Amino acid sequence: MTGFVDAADILKGRYEEGAAVKLRGWIYTSRSSGGIQFLELRDGSGVIQCTLNKRDVDEDTFNEVEKYPIETALELKGVVKRDERAPGGWELRVNGVGDVYVAKPDYPIVKKEQGIEFLMDNRHLYIREPKLQNIFQIRAKFLEAARCWFKDNGYTEVHTPMFMTASVEGGSTLFSVEYFDKKGVYLSQSWQLYAEALISSLGKIYTIAPSFRAEPSRTRRHLSEFLHMELEEPWTDLDGIMTTGDRLVSHIANVLGEEIPEKVRNAGGDPDYLAKLKPPFPRMSYDDAVETVQKQGVEMYWGDDFGWQQEGPLTEQFEKPTWIVGYPSGIKPFYHMPNPDRAEVTMSADLLAPAGYGEIIGGGQRVHDYEQLYQRTIDDGLDPSNYEWYMDLRKWGTVPHSGFGLGVERVLMWMLKLEHIRDTVPFPRDMRRVYP
RNA sequence: GCCUCGGUAGCUCAGUAGGUAGAGCCCCUGCCUGUUAAGCAGGUGGUCGGAAGUUCGAGUCUUCCCCGGGGCGCCA
């Protein structure tokens, strides 16, 4: 059979009642009531009920179909029918069956409550669930929207190595790799050092690539491998890069809210909020943030980073994502530029999502002066000789430049109000799980 | 790394005072022409996470180990 249609298009009413169509997919659920069978067919676009009436097909076909276990893949032809009794309001009245790929009868994922451990052990099957399918489709739209924005704003996509010899974010969270006979090779934590080299070649650039962090973190917002959307641009200061972040995040939110509101709603998000999210986002100095936290009675001292205890109360009242600007030098990596008027703080900013979803962007202005960078490296306890090529960049045509990294899964989690970051990605990697 | 909860049928769980293993779902068989996690009747299915110990006897008590969930610190 050829010329198959998508279940989603039938459910959207794109076919008139009575239209003869062909569908193919996997049996998601099946129920039978003697002379009539109900199959919910899952085809990658959605799930649609297909009814088989004994009157409409020959007896052999009817009896065969009744025996098919769930997850059997098959081709169905029939007639589109509007029916309020069907989930979604539309169904296919089947009058013929094409090729069939019969499943084994013991599919482990049951339409009942199941434990997380079991579902994670069977992740390769659980990803078929419409709930996850929907999130993955939103994720794809998210990336599409971002790339579209980058293109419209003159950014070039570029990719940097995953194998690296130097730490970007601090050595304790590096994954060590066996790299032939070489020692000291690690998986990338960030593209940043390479990005700073590439801006002198390409100008405004971005990447969408995995980053790896060996943080022994067991929380609902950590992955050891996450998708990192990073951006770097020359001739730009801290203020400029925050404005860029505002526009990028707003654009992605708007696209999701306006173009696929139903999917967003089904996942648990609020499409109206996303559609209306507009720049600029509020900016709060680190000093004021500390004071705010202290006023709420939570223990914190100037110079500390925000832990969960501090961040929750701080972001609870936020309507929009909010920038925390000017972190102390002591809690930011060496490449952050010190504030010329106030050496104890950096020209850095993190974007915190509302409602305790945590940090979704981290970035700022980089040190572009050679001497200053050299000193910062030493102050940070690092060996400058490990960063020779990176220092080199400051010798020839160094200009003020800034960038940031956005955690795709974190942003998705916030936008869809998900309980756990694991559901933003098909096969999540955390400290306890690398299988399947 | 630390805190905390858990591991009994394929899945979700119950298991009283230590006395020899249960339910629902899944699956199989039969019935049912509008089901929505369908319903009704019957049936299959177990090294109680592992090892050692106490005991006449351990799913249950003790010790050690393994695996997992949630959280903290840290981070995007």
Side-chain angles (χ1 to χ4, degrees), chain A residues 28-40 47-56 62 66-67 69-71 81 83-89 91 93 103-122 125-126 168-170 172-173 189-192 209-230 245 249 304-312 321 327 331-333 350-353 357-363 404-414 419-422 424 430-433 435:
Chain A
Y28 180 55
T29 67
S30 65
R31 289 176 284 274
S32 122
S33 182
I36 185 163
Q37 293 177 52
F38 303 91
L39 307 179
E40 285 185 71
V47 179
I48 188 165
Q49 175 165 290
C50 303
T51 61
L52 243 86
N53 196 304
K54 212 164 197 165
R55 289 193 303 254
D56 297 336
F62 189 86
E66 189 157 26
K67 284 185 204 145
I70 58 168
E71 294 306 316
K81 197 82 183 166
D83 194 319
E84 289 309 320
R85 293 169 297 187
E91 66 179 18
R93 299 279 171 86
K104 296 269 191 284
D106 47 359
Y107 187 67
I109 312 280
V110 173
K111 273 55 174 187
K112 278 265 187 182
E113 198 183 330
Q114 285 179 300
I116 287 158
E117 182 181 359
F118 177 78
L119 292 177
M120 290 309 291
D121 285 342
N122 289 280
L125 303 174
Y126 189 52
V168 181
E169 300 290 332
S172 62
T173 68
Q189 299 165 306
S190 165
W191 84 324
Q192 185 184 322
S211 277
F212 306 88
R213 305 266 170 103
E215 291 157 8
S217 305
R218 294 174 25 70
T219 81
R220 62 182 64 186
R221 55 198 183 279
H222 277 88
L223 295 169
S224 49
E225 174 180 346
F226 67 96
L227 196 64
H228 215 171
M229 182 180 291
E230 298 184 270
V249 172
D304 291 347
D305 207 344
F306 298 97
W308 202 242
Q309 307 246 307
Q310 290 80 32
E311 212 169 275
Y327 284 81
I331 55 173
K332 285 288 172 188
D350 287 357
L351 188 63
L352 304 187
Y357 278 94
E359 192 181 331
I360 51 176
I361 287 183
F404 63 70
L406 173 153
V408 171
E409 289 85 2
R410 283 267 180 94
V411 178
L412 267 173
M413 195 186 164
W414 159 60
E419 286 285 307
H420 203 294
I421 199 166
R422 66 163 74 95
T424 60
D430 62 37
M431 67 179 291
R432 292 206 182 171
R433 194 172 281 283
Y435 177 93

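Only heavy atoms go into these numbers, but all of them, side chains included; no hydrogens, no water, no symmetry mates. Within every chain, numbering begins at 1; the chains are lettered A, B, ... in the order of the sequence lines, protein sequences first and strands thereafter. In this text the structure is predicted, and so the values were computed from the model without any measurement.
Nucleotide B:A76 holds its P atom 14 Å from the CD atom of A:E409, rounded to whole Å. Going from atom CZ of A:R213 over to atom C1' of B:C75 covers 7 Å, rounded to whole Å. Remark: C1' of B:C31 and CD of A:Q37 are 14 Å apart, rounded to the nearest angstrom. Rounded to a whole Å, the NZ atom of A:K81 is 16 Å from the C1' atom of B:U33. In this structure, A:I109 atom CD1 and B:A37 atom C1' are separated by 15 Å, rounded to whole Å. Rounding to whole angstrom units, NZ of residue A:K111 and C1' of B:G24 are separated by 18 Å. Note: CZ (A:F212) to P (B:A76) measures 16 Å, nearest angstrom. Taking atom CD of residue A:E225 and atom P of nucleotide B:A76, one finds them 17 Å apart after rounding to whole Å.
Between the side chain of A:R31 and the base of B:C32 there is no donor-acceptor pair of N/O atoms closer than 3.5 Å.
On the P atoms, B:C31 is 42 Å away from B:U16, given to the nearest whole Å. Taking the C1' atom of each, B:G18 and B:U54 are spaced 11 Å apart, rounded to whole Å. For B:G30 and B:G49, the P atoms lie 37 Å apart once the distance is rounded to whole Å. Comparing the P positions of B:A14 and B:U8 gives an interatomic distance of 10 Å, to the nearest angstrom. Between B:G42 and B:G59, the two P atoms lie 31 Å apart (nearest whole Å). With both ends at atom P, the span from B:U44 to B:U29 equals 15 Å, rounded to whole Å. When the P atom is used for both B:U63 and B:C5, the distance is 15 Å, rounded to whole Å. When the P atom is compared between B:A51 and B:G45, the two are found 24 Å apart, to the nearest whole Å.
Of all nucleotides listed (B:G34, B:C32, B:C74), B:C32 comes nearest to the side chain of A:S32. In this structure, the nucleotide among B:C75, B:C72, B:G34 sitting nearest to the side chain of A:T219 is B:C72. Comparing B:G34, B:A76, B:C72 against the side chain of A:Q49 picks out B:G34 as the nearest.
Remark: A:T424 OG1 to A:M413 CE distance equals 8.0 Å, nearest 0.5 Å. Atom CD1 in A:I48 sits 12.0 Å away from atom CG in A:L39 (nearest 0.5 Å).
For A:H222, there are no ring pair (Phe, Tyr, Trp, His ring centres under 6.0 Å) partners at least two apart in sequence or on another chain. Scanning for side-chain hydrogen bond (donor to acceptor under 3.5 Å, both in side chains) contacts around A:Y126 gives an empty result, with sequence neighbours left out. Applying the side-chain hydrogen bond (donor to acceptor under 3.5 Å, both in side chains) test to A:K81 and every residue at least two apart in sequence or in another chain returns nothing. When the salt bridge (Lys or Arg N to Asp or Glu O under 4.0 Å) test is applied to A:E230, no partner is found at least two apart in sequence or on another chain. Applying the side-chain contact (heavy atoms from CB on, under 4.5 Å) test to A:D56 and every residue at least two apart in sequence or in another chain returns A:N53. Legend: residues meeting ring pair (Phe, Tyr, Trp, His ring centres under 6.0 Å) with A:Y28, ordered by chain and number and at least two apart, are absent. A search for side-chain hydrogen bond (donor to acceptor under 3.5 Å, both in side chains) contacts involving A:R218 returns nothing, not counting sequence neighbours. In terms of the salt bridge (Lys or Arg N to Asp or Glu O under 4.0 Å) criterion, residue partners of A:D83 (sequence neighbours excluded) are, by chain and number, A:R85, A:R93. For A:R410, the side-chain hydrogen bond (donor to acceptor under 3.5 Å, both in side chains) criterion is met by no residue, not counting sequence neighbours.
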Protein-nucleotides 28-30 of chain B N/O pairs under 3.5 Å:
none

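Toward the 5′ end of RNA chain B lies the nearest nucleotide of A:E40, the other residue of the pair A:I360 and A:E40 mapping further downstream. Where A:M120 and A:D305 meet RNA chain B, the nucleotide closest to each residue was compared, and A:M120 sits on the side nearer the 5' end.
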With Watson-Crick and G-U wobble geometry limited to distances under 3.5 Å, how should the secondary structure of RNA chain B be encoded in dot-bracket form, using | for bases paired to another strand and [ ] for crossing pairs?
-> (((((((..((((.....[..)))).(((((.......))))).....(((((..]....))))))))))))....

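Taking side-chain N and O atoms only, A:R85 has no distance below 4.0 Å to OP1 or OP2 of B:U33. Between A:H420 and B:G70 there is a side-chain N or O to OP1 or OP2 distance below 4.0 Å. In this structure, A:R422 reaches the B:G70 phosphate: one of its side-chain N or O atoms is under 4.0 Å from OP1 or OP2.
A:N53 comes within 4.0 angstrom of a base, heavy atoms only.
Salt bridge annotation for A:D350-A:K332: present, with a cationic side-chain nitrogen under 4.0 angstrom from a carboxylate oxygen.
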Mark up nucleotides 1-13 of chain B, 5' to 3', with B wherever a protein heavy atom is under 4.0 angstrom from a base atom, S wherever such an atom reaches only the sugar-phosphate, and - elsewhere.
-> B---------SS-

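No donor-acceptor pair under 3.5 Å is formed between the side chain of A:Q192 and the backbone N or O of A:F404.
No aromatic stack links A:F38 and the base of B:G34, using centre distance under 5.5 Å and interplanar angle under 30°.
A donor-acceptor contact closer than 3.5 angstrom links the side chains of A:E66 and A:S32.
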